[in-house]
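Read through the structure below, which is laid out as structure tokens, and then see the notes.
Below, all heavy atoms of this structure are taken into account, side chains as well, without hydrogens, waters or symmetry copies. Convention: sequence-line order gives letters A, B, ...; per-chain numbering from 1.
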Number of protein chains: 2
Amino acid sequence: MARRRQAVTIKHVAADAGVSLQTVSRVINNEPNVRPEMKERVQASIDKLGYVPSIAAQRMSGSRSYLILAINDRERTIADWQSRQGTDWVDQMLLGGMLTCAERGYRMLVELIDTHSDHVERELGAAIAALQPDGVIVTPPHSENPLITGLLAKKHIPFARIGSKEPGHGIALTMGDEHLAKLATEHLAGLGHRRIGFIAGSEEYSLADWRIDGWREAMENAGLEHEGLCQRGDFGFESGVRAARALLDLPDPPTAIIASSDQMTLAALEVAKERGLTVPDDLSLISFDNTPLVRFTSPPLTALDQPIAATAARAVELLIDEGRDYVSDTPVVIEGDLVIRGSTAAPKRR
Amino acid sequence: MARRRQAVTIKHVAADAGVSLQTVSRVINNEPNVRPEMKERVQASIDKLGYVPSIAAQRMSGSRSYLILAINDRERTIADWQSRQGTDWVDQMLLGGMLTCAERGYRMLVELIDTHSDHVERELGAAIAALQPDGVIVTPPHSENPLITGLLAKKHIPFARIGSKEPGHGIALTMGDEHLAKLATEHLAGLGHRRIGFIAGSEEYSLADWRIDGWREAMENAGLEHEGLCQRGDFGFESGVRAARALLDLPDPPTAIIASSDQMTLAALEVAKERGLTVPDDLSLISFDNTPLVRFTSPPLTALDQPIAATAARAVELLIDEGRDYVSDTPVVIEGDLVIRGSTAAPKRR
DNA sequence: GTGAAAGCGCTAACAG
DNA sequence: CTGTTAGCGCTTTCAC
């Protein structure tokens with residue numbers, strides 16, 4: 001690898017503008033104590049020479065690295081990519097996070113880390129040591145992994161925890177899981193459903209339980225019985241099949257089901273078909289992910305839209321503006337919406 | 001922003017192992033001229049202290065940046081992410097590129113750049129100056145933009161051009177577009193189709209024409225007439241609608257259509273439905289993208305699978321291993337497959 | 001084989 | 001307000 005030097009450095013600018021390096025540095029970083037006149041002169045040279053600071057050098061001299069790390073679960077992410085089922089979590093994170101980073105001169109780097117590995121700390125530590133990011137976004141299930149959040153807090157690296165409510169170090173953000181579950185439940189109750197089943201996600205994710213809470217509360221508010229109407233899945237298709245069967249095998253089966261992931265909703269749709277039930281006439285269905293595929297099933301699925309991009313964008317903003325030693329009290333909540341499509345209708349049989 | 005120093009540096013390791021900095025540096029970079037015994041001792045200290053070199057420092061001292069830039073078209077990529085239609089191009093690039101990078105201690109950074117902007121060079125130049133990547137992957141339509149490839153060549157930055165065949169600077173890679181088009185055509189001809197229509201992509205992409213070539217050649221080889229059976233679209237849904245209508249309005253309409261994108265195939269499916277044609281009985285359909293959504297349409301679409309991940313992986317390997325001043329003669333071809341699903345069958349009416 | 005010295009491009013700290 | 005000095009952590013000379 002040949003030695004590649006920066007084409008135009010701060011020195012060239014300084015020489016061109018006839019000022020010291022420091023003055024150029026001040027202009028670049030928008031620091032005070034530069035006369036407007038000087039500033040203009042320097043800026044002119046910068047533009048003329050097409051100068052762009054090297055982030056490596058900036059980082060080296062103890063300043064920022066202009067890098068935000070977005071950490072996702074390795075196993076799950078790779079499985080999603082390989083299966084090509086349309087999960088666009090990473091895309092939405094990039095859409096929100098990367099574009100917001102770009103607006104402020106930062107870059108977002110996606111990093112995959114094994115939650116279950118016994119050397120999570122080593123993996124994360126290595127990424128941090130190598131990259132020296134100015135901020136880290138952790139997603140479920142990492143956001144609830146104390147090994148990860150602890151390490152980040154200890155190293156005083158600003159970090160945002162998406163899908164985490166715990167008070168403490170780092171910026172906690174949620175997408176209003178209870179609220180979303182309530183929205184779905186109320187929509188169904190409003191259509192006249194009395195028996196509304198719920199397929200929950202893995203206990204490994206707290207948000208799975210927040211969703212149950214929202215559903216249960218909405219059921220109670222509507223004066224509906226919810227005993228026995230909640231089945232636990234693990235977000236995956238197979239678990240959805242089992243859960244849907246269990247619900248439909250009930251003596252008094254639900255006429256509507258809310259499932260905590262697109263795959264589990266898809267599974268419920270399959271089970272309904274296999275039993276000769278028509279969706280939405282015999283069974284209404286709501287998916288907890290508004291991923292691409294829900295639009296292409298038949299019928300297209302009514303879905304809860306989680307504002308992943310908006311959440312990532314907010315996380316980046318907070319990280320950059322006030323991430324330093326941020327301590328969460330209550331989480332930042334970015335609420336989503338219910339998108340009504342063809343899988344929900346008033347119950348035909350009661 | 002507080003001044004954050006590296007926790008454990010090469011100095012600590014050197015002190016711990018009782019050697020000079022250079023020796024540690026040599027061990028890190030696997031350079032010769034280190035006695036195995038020394039090497040072991042140093043490695044032990046590295047492991048003990050959990051030392052990881054700072055990329056910024058490595059880059060600063062004229063070595064590598066361990067960064068590969070993957071450049072995609074800004075407008076198109078954002079539109080894809082926002083529309084949530086399941087285009088997983090970026091995901092597949094990450095799957096192949098990022099994981100391959102990780103295997104070799106590199107990171108992949110996604111960067112969006114406007115092809116149509118008049119300041120492409122400035123945008124790209126800025127990204128390069130700021131990040132100093134060791135390699136760049138350019139995707140269509142950037143891979144055929146001389147402003148981009150020219151700049152990269154001029155700066156002697158190793159780069160790979162995906163979807164480009166031109167001899168010259170940079171590593172040219174394709175996914176065997178003609179071959180894929182032939183595969184599809186032969187499959188349909190084998191089923192007994194005589195009239196096989198083709199919906200091409202935008203002329204802005206050379207690969208759109210390579211696909212036409214493959215289709216035409218296969219038609220000729222099978223002794224089939226192809227005059228008037230090719231309609232030009234722009235990869236988007238609307239253009240697909242127009243093209244499909246034009247084809248089906250023909251006096252002797254095709255019994256099968258190959259469309260150069262998933263959206264255009266979807267459009268053809270819609271048009272077929274609107275005309276009361278059953279797929280595949282009245283009309284067979286093949287999509288040139290095996291994106292997630294093609295599995296969820298009804299019927300699921302037979303599709304040409306472009307090995308995006310494998311191509312990105314290969315690009316990274318070549319970039320790292322022999323990217324320096326690489327000059328392409330013939331392109332590296334990573335061939336894809338035909339995935340047969342429910343949208344193709346023997347023609348019912350002849 | 002190994003070590004010492006110099007410097008990459010930039011900013012922090014301190015002078016003026 | 002502006003300039004000077006001293007590094008940041010590492011690799012590249014070039015000695016030994």
Side-chain angles (χ1 to χ4, degrees), chain A residues 1-42 46 49-67 105 126 128-132 134, chain B residues 1-42 46 49-67 105 126 128-132 134:
Chain A
M1 177 72 54
R3 189 183 180 81
R4 182 164 45 250
R5 286 235 202 42
Q6 195 86 340
V8 25
T9 73
I10 197 170
K11 276 188 192 167
H12 301 128
V13 178
D16 186 86
V19 299
S20 72
L21 303 187
Q22 202 41 243
T23 304
V24 180
S25 175
R26 289 193 179 105
V27 172
I28 297 167
N29 297 295
N30 235 316
E31 279 168 24
N33 299 341
V34 183
R35 264 181 308 162
E37 172 201 331
M38 280 265 85
K39 189 164 175 170
E40 233 171 83
R41 181 140 59 98
V42 172
I46 289 177
L49 303 176
Y51 167 72
V52 177
S54 149
I55 65 173
Q58 294 188 121
R59 169 52 244 173
M60 275 301 296
S61 53
S63 162
R64 282 166 289 188
S65 65
Y66 294 100
L67 241 42
I128 289 173
L131 266 10
Q132 308 261 89
D134 290 339
Chain B
M1 174 76 50
R3 190 183 180 80
R4 181 161 51 247
R5 287 236 204 39
Q6 194 87 336
V8 26
T9 74
I10 198 171
K11 276 189 193 167
H12 300 123
V13 177
D16 185 85
V19 298
S20 72
L21 306 186
Q22 288 58 20
T23 305
V24 179
S25 176
R26 288 187 180 107
V27 172
I28 297 166
N29 296 295
N30 236 314
E31 279 168 23
N33 298 341
V34 182
R35 268 179 305 164
E37 171 200 328
M38 280 265 81
K39 189 165 175 167
E40 231 171 83
R41 181 142 58 99
V42 172
I46 290 178
L49 302 176
Y51 167 71
V52 177
S54 151
I55 290 186
Q58 293 188 125
R59 170 51 246 173
M60 274 301 295
S61 51
S63 163
R64 282 167 290 191
S65 65
Y66 295 99
L67 240 42
I128 289 173
L131 298 164
Q132 307 262 92
D134 289 339

Could you tell me the separation between the [atom1] atom of [X] and the [atom2] atom of [N], rounded to a whole number of Å?
X: B:N29; N: D:dG9; atom1: CG; atom2: P; value: 17 Å
X: B:R64; N: D:dC10; atom1: CZ; atom2: C1'; value: 13 Å
X: B:Q132; N: C:dG9; atom1: CD; atom2: C1'; value: 10 Å
X: B:L49; N: D:dG9; atom1: CG; atom2: C1'; value: 15 Å
X: A:R59; N: C:dC10; atom1: CZ; atom2: C1'; value: 12 Å
X: A:I55; N: C:dG9; atom1: CD1; atom2: C1'; value: 13 Å
X: B:I10; N: C:dA5; atom1: CD1; atom2: C1'; value: 15 Å
X: B:L21; N: D:dT11; atom1: CG; atom2: C1'; value: 10 Å

_Validation row: B:I28, B:I10 side chains within 4.5 angstrom (heavy atoms)_ = yes
*Are B:L131 and B:S65 close enough that some pair of their side-chain heavy atoms sits under 4.5 Å apart?*
no
*What nucleic acid atoms does B:Q22 come within less than 4.0 Å of, heavy atoms only: base, sugar-phosphate, or nothing?*
base
Which nucleotide sits closest to the side chain of [X]: [options]?
X: B:K11; options: D:dG3, C:dT11, D:dC8; value: D:dC8
X: B:M60; options: D:dG3, D:dC8, C:dC8; value: C:dC8
X: B:S63; options: D:dT11, D:dG9, C:dG9; value: D:dT11

So does [X] get a side-chain nitrogen or oxygen closer than 4.0 Å to the phosphate oxygens (OP1/OP2) of [N]?
X: A:Q6; N: C:dG9; value: no
X: A:Q58; N: C:dT11; value: yes
X: A:Y66; N: C:dC10; value: no
X: B:S25; N: D:dT11; value: yes
X: A:S61; N: C:dC10; value: no
X: A:T23; N: D:dG3; value: yes

Pairs: protein N or O with nucleotides 14-16 of chain D N or O, under 3.5 Å:
none

Please name all residues satisfying side chain to side chain donor-acceptor pair (under 3.5 Å) with [X], sequence neighbours left out, ordered by chain then number.
X: B:Y66; result: B:R64
X: B:K39; result: B:N30
X: A:Q58; result: none
X: A:S20; result: A:T23

*Is there any salt bridge (charged side-chain N to carboxylate O under 4.0 Å, His left out) pair reaching into residues 10-22 of chain B, and which pairs are they, with sequence neighbours excluded?*
B:D16-B:K48
*List in chain and number order the residues that pass side-chain contact (heavy atoms from CB on, under 4.5 Å) with A:E31, two or more places apart in sequence or in another chain; answer none if no residue qualifies.*
A:R26, A:N29
*List in chain and number order the residues that pass side-chain contact (heavy atoms from CB on, under 4.5 Å) with B:A57, two or more places apart in sequence or in another chain; answer none if no residue qualifies.*
A:M60, B:S54
*CD1-CZ distance between B:I46 and B:R41, expressed to the nearest 0.5 angstrom*: 12.5 Å
*For DNA chain C, which residues in residues 30-37 of chain B have a heavy atom at a distance below 4.0 Å?*
B:N33, B:V34, B:R35
